[in-house]
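See below for the structure under consideration.
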Amino acid sequence: MDTDTVFKALADPTRRKLLDLLCAQNGQTLGQLCEHLDMTRQSATQHLGLLEAANLVSSTRRGREKLHFINPVPLYEVYERWIRKFEHQRLTLLHDLKTELEGDSK
């Protein structure tokens with residue numbers, strides 16, 4: 001996985017909004033997505049292209065329509081690599097602090 005590409009794709013609020021829209025209703029057309037965006041179809045297409053390049057979105061043709069689907073795997077890989085380890089450390093510290101503050105008076 002190219003995490004730089006994923007982080008770059010996630011850095012833009014419009015692309016995050018597109019991911020949110022697809023998370024709410026997967027398999028939307030460009031027209032359906034554009035109903036919720038304040039931009040031209042061409043701009044939305046460019047954003048979707050960057051999301052596809054980061055493997056965050058995939059698309060398939062159904063007749064004349066092109067449907068877009070969210071791919072959560074790269075997000076999970078980012079979570080596993082960059083978030084989970086910090087979450088574990090924080091929870092361990094909180095547990096140790098709780099234990100220390102409560103003492104042995106159980």
Side-chain angles (χ1 to χ4, degrees):
M1 174 183 81
D2 183 8
T3 54
D4 290 342
T5 305
V6 173
F7 278 116
K8 183 178 178 182
L10 294 173
D12 184 85
T14 299
R15 292 191 283 274
R16 291 192 305 268
K17 184 171 184 175
L18 283 166
L19 291 173
D20 286 337
L21 292 168
L22 291 172
C23 186
Q25 181 184 346
N26 219 2
Q28 295 187 61
T29 64
L30 178 62
Q32 291 170 317
L33 292 168
C34 284
E35 290 175 7
H36 305 282
L37 301 172
D38 188 26
M39 65 178 53
T40 65
R41 289 173 62 91
Q42 182 179 5
S43 294
T45 300
Q46 290 175 343
H47 284 291
L48 285 167
L50 288 169
L51 289 170
E52 285 187 31
N55 200 26
L56 291 165
V57 169
S58 63
S59 60
T60 186
R61 289 229 175 252
R62 185 181 68 191
R64 292 174 46 164
E65 295 181 320
K66 184 176 182 183
L67 302 176
H68 303 277
F69 297 89
I70 192 168
N71 177 14
V73 173
L75 294 173
Y76 179 74
E77 290 173 350
V78 165
Y79 169 79
E80 282 294 313
R81 169 65 175 91
W82 294 99
I83 299 170
R84 186 173 184 212
K85 66 181 175 185
F86 298 111
E87 183 179 83
H88 176 73
Q89 180 182 12
R90 181 180 59 91
L91 292 174
T92 301
L93 289 172
L94 286 173
H95 176 266
D96 292 348
L97 178 62
K98 178 182 180 280
T99 303
E100 184 177 325
L101 290 174
E102 289 177 351
D104 294 324
S105 62
K106 290 184 178 181

For residues 48-63, which residue pairs pass the salt bridge (Lys or Arg N to Asp or Glu O under 4.0 Å) check, not counting sequence neighbours?
Arg62-Glu65

Heavy-atom neighbours of Tyr76 OH exceed 12 at 6.0 Å
no

Should Leu37 and Leu48 be counted in the same cluster of Ile, Leu, Val, Met, Phe, Trp and Tyr side chains packed under 4.5 Å apart?
yes

For residues 12-35, which residue pairs pass the salt bridge (Lys or Arg N to Asp or Glu O under 4.0 Å) check, not counting sequence neighbours?
none

Heavy-atom count check: over 12 atoms from other residues, nucleotides or ligands less than 6.0 Å from Glu80 CD?
yes

Quick check for you: to the nearest 0.5 Å, what is the distance between Thr45 atom OG1 and Leu50 atom CG?
11.5 Å

Gap separating the CG atom of Asp96 from the NZ atom of Lys98, nearest 0.5 angstrom
11.5 Å

Expected output: side-chain Asn71 to main-chain Asn55 donor-acceptor under 3.5 Å:
yes

Taking every non-hydrogen atom, the tightest pair across Ala54 and Ala9
CB-CB, 3.8 Å

For the CG atom of Leu10 and the CG atom of Leu51, what is their distance to the nearest 0.5 Å?
8.0 Å

From the list Thr5, Val6, Val78, Leu22, side chain to side chain contact (heavy atoms under 4.5 Å, CB included) partner of Leu56 resolves to Val6

With the side chain counted from C-beta on, respond yes when Thr60 and Lys66 share a heavy-atom pair under 4.5 Å apart, and no when they do not.
no

Taking Ser43 for its side chain and Met39 for its backbone only, find out whether a donor-acceptor pair lies under 3.5 Å.
no

Please list, one pair per line, the donor and acceptor atoms closer than 3.5 Å that link side chains of residues 24-31 to other protein atoms, with sequence neighbours excluded.
unit_1: Asn26; atom_1: OD1; unit_2: Ile70; atom_2: N; d: 2.8
unit_1: Gln28; atom_1: NE2; unit_2: Leu21; atom_2: O; d: 2.9
unit_1: Gln28; atom_1: NE2; unit_2: Gln25; atom_2: O; d: 2.9
unit_1: Thr29; atom_1: OG1; unit_2: Gln32; atom_2: N; d: 3.2
unit_1: Thr29; atom_1: OG1; unit_2: Gln32; atom_2: OE1; d: 3.4

